[in-house]
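The model shown is predicted, which means the values in this text are computed figures rather than measured ones. Quick note: residue numbers are just sequence positions, from 1.
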Amino acid sequence: MERLTREDERDEQTADETTEQEGVQTCPECNSSSLVRSADESEVSCEDCGLILEEETIDRGPEWRAFDQSERDSKSRVGAPTTQTMHDKGLTTTIDWKNKDAYGRSLSSDKRSQMNRLRKWQERIRTKDAGERNLQFALSETDRMASALGVPRSVREVASVLYRRALDEDLIRGRSIEGVATSTLYAACRMEGIPRSLDEVAAVSRVERMEIGRTYRYISQELSLEMEPVDPKKYVPRFCSELDLSEEVQAKANEIIDTTAEKGMLSGKSPTGYAAAAIYASALLCNEKKTQREVADVAQVTEVTIRNRYQEQISAMGLHN
């Protein structure tokens, strides 16, 4: 009997090893395969009986503590993550502008001259050909315009990826670098749900509005971007914030847009003008009156546009002046 028991244990052990080799791990207590790993990936436990199969006490975090961002940056031993907003994706080396050695002592005049020459050549060799120089210029223009428009980092990354795709498919030939960079930024704003009007983009660009629109249509068609029409409600929070209007006005403006859009009035209308008219109407209804001139300046549309859209919206809502 003892021999049979040992043979059974040996067979069970062999079966367990075979199961583990096949990639299916089971609980030795209840033979369940419902195993879960904890959020910090330090333990593997069985969902059925709660047995802890693996326990790892290795702390993969840093061994130092930091109490603010500057202290965290000074103690970090790694560089910034790769980014598409730089032509070399941020993988280049840089020479510090401080003329000091590792001990914080000032360099001699000869060393300073040598470091200046090294910085100069370092900047020159960052771009090896004309294509990289053009890409560097385009991405720097994108970053400048994005900063002026106040859009987040994610929009800059998407715009840089779109420009690189246009460059790879040779869509830049015959068009200005600034025009393509501006159109990809405009497309990235729409893709990320933070739209900016063509007038706003043209105001920070060195390219005319007509060329931006023409290049944008060409880029979106060639890259198959499948852009949806901009929802006017996405402009409402920003316009209301610039006009210093309350959340009640913002909610009423969204209600006006939803109600009138269901009746098919949004088709063929400019989303900025439509949003501006809804804000003007809701401000009147909530006793926070703003003039048409004030709303038009924020939305960068004409007062005539606001008056026309306003009349259409209040008629559709069954309201009267």
| field | Cys27 and Cys49, any side-chain heavy atoms less than 4.5 Å apart | value | yes
| request: Would you mind reporting whether Arg156 and Asp143 have side-chain heavy atoms less than 4.5 Å apart? | output: yes
| Mind checking whether Cys46 and Glu29 have side chains closer than 4.5 Å, heavy atoms only? | no
| If you measure only the distance, is there a donor-acceptor pair under 3.5 Å linking the side chains of Thr182 and Ser205? | yes
Which atom pairs, donor and acceptor, lie under 3.5 Å between side-chain atoms of residues 227-234 and protein residues at least two apart or in another chain?
residue : atom : partner : partner atom : Å
Asp231  : OD1  : Lys233  : N            : 3.2
Lys233  : NZ   : Asp258  : OD1          : 3.1

| message | Please report the interatomic distance CG(Leu35) to CD1(Ile52), rounded to the nearest 0.5 Å. | response | 12.5 Å
| Results of salt bridge (Lys or Arg N to Asp or Glu O under 4.0 Å) for Glu211 - residues two or more places apart only | none
| Roughly how far, to the nearest 0.5 Å, is the OG atom of Ser176 from the CD atom of Glu208? | 11.0 Å
| Under 3.5 Å donor-acceptor, Ser241 side chain and Pro237 backbone | no
| task | With rounding to the nearest 0.5 Å, note down the distance linking OG in Ser183 to CD1 in Ile212. | result | 8.0 Å
| query | For the atom pair OH (Tyr310) and CD1 (Ile256), what is the distance rounded to the nearest 0.5 Å? | reply | 9.0 Å
| Does any non-hydrogen side-chain atom of Ile219 lie less than 4.5 Å from one of Leu171? | yes
| Under the salt bridge (Lys or Arg N to Asp or Glu O under 4.0 Å) test, residues paired with Arg293 that sit two or more places apart | Asp297, Glu303
| query | Take atom CG in Asp244; do more than 12 heavy atoms of anything else shown fall under 6.0 Å from it? | reply | no
| message | Has Ser34 got a side-chain atom pairing as donor or acceptor with Glu47's backbone, closer than 3.5 angstrom? | response | no
| query | With distance as the sole test, does Thr215 use its side chain to make a donor-acceptor pair with the main-chain N or O of Val180 at under 3.5 Å? | reply | no
| Are the side chains of Leu51 and Pro28 in touch, meaning some heavy atoms are under 4.5 Å apart? | yes
| task | For atom CD of Glu132, decide whether the heavy atoms of other residues, nucleotides or ligands shown that lie under 6.0 angstrom number more than 12. | result | yes
| request: For side chain to side chain contact (heavy atoms under 4.5 Å, CB included), just list the numbers for Val295 and Leu243, CA-CA rounded to whole Å, side-chain angles, deciding distance to a tenth of an Å, and then say yes or no. | output: CA-CA 7 Å; Val295 180; Leu243 290 168; 4.0 Å; yes
| message | In the structure I gave you, are the side-chain heavy atoms of Ile177 and Glu141 within less than 4.5 Å of one another anywhere? | response | no
| task | Check the pair Glu288 / Lys252 against salt bridge (charged side-chain N to carboxylate O under 4.0 Å, His left out), numbers first and verdict last. | result | CA-CA 12 Å; Glu288 297 183 31; Lys252 189 65 177 178; over 6 Å; no
| task | Would you mind reporting whether Tyr280 and Arg309 have side-chain heavy atoms less than 4.5 Å apart? | result | no
| query | Any luck finding a side-chain donor-acceptor pair between Thr184 and Arg165 under 3.5 Å? | reply | no
| query | Can you find a side-chain donor-acceptor pair between Ser70 and Asp68 that sits under 3.5 Å? | reply | yes
| said: For the backbone of Ala278 and the side chain of Gln313, can you confirm whether one donor and one acceptor N or O come within less than 3.5 Å of each other? | reply: yes
| message | In the structure I gave you, are the side-chain heavy atoms of Leu185 and Leu149 within less than 4.5 Å of one another anywhere? | response | yes
| Heavy-atom donor-acceptor pair, Gln250 side chain to Val236 backbone, under 3.5 Å | no
| task | Calculate, to the nearest 0.5 Å, the distance between atoms CG and CG belonging to Leu162 and Leu225 respectively. | result | 6.0 Å
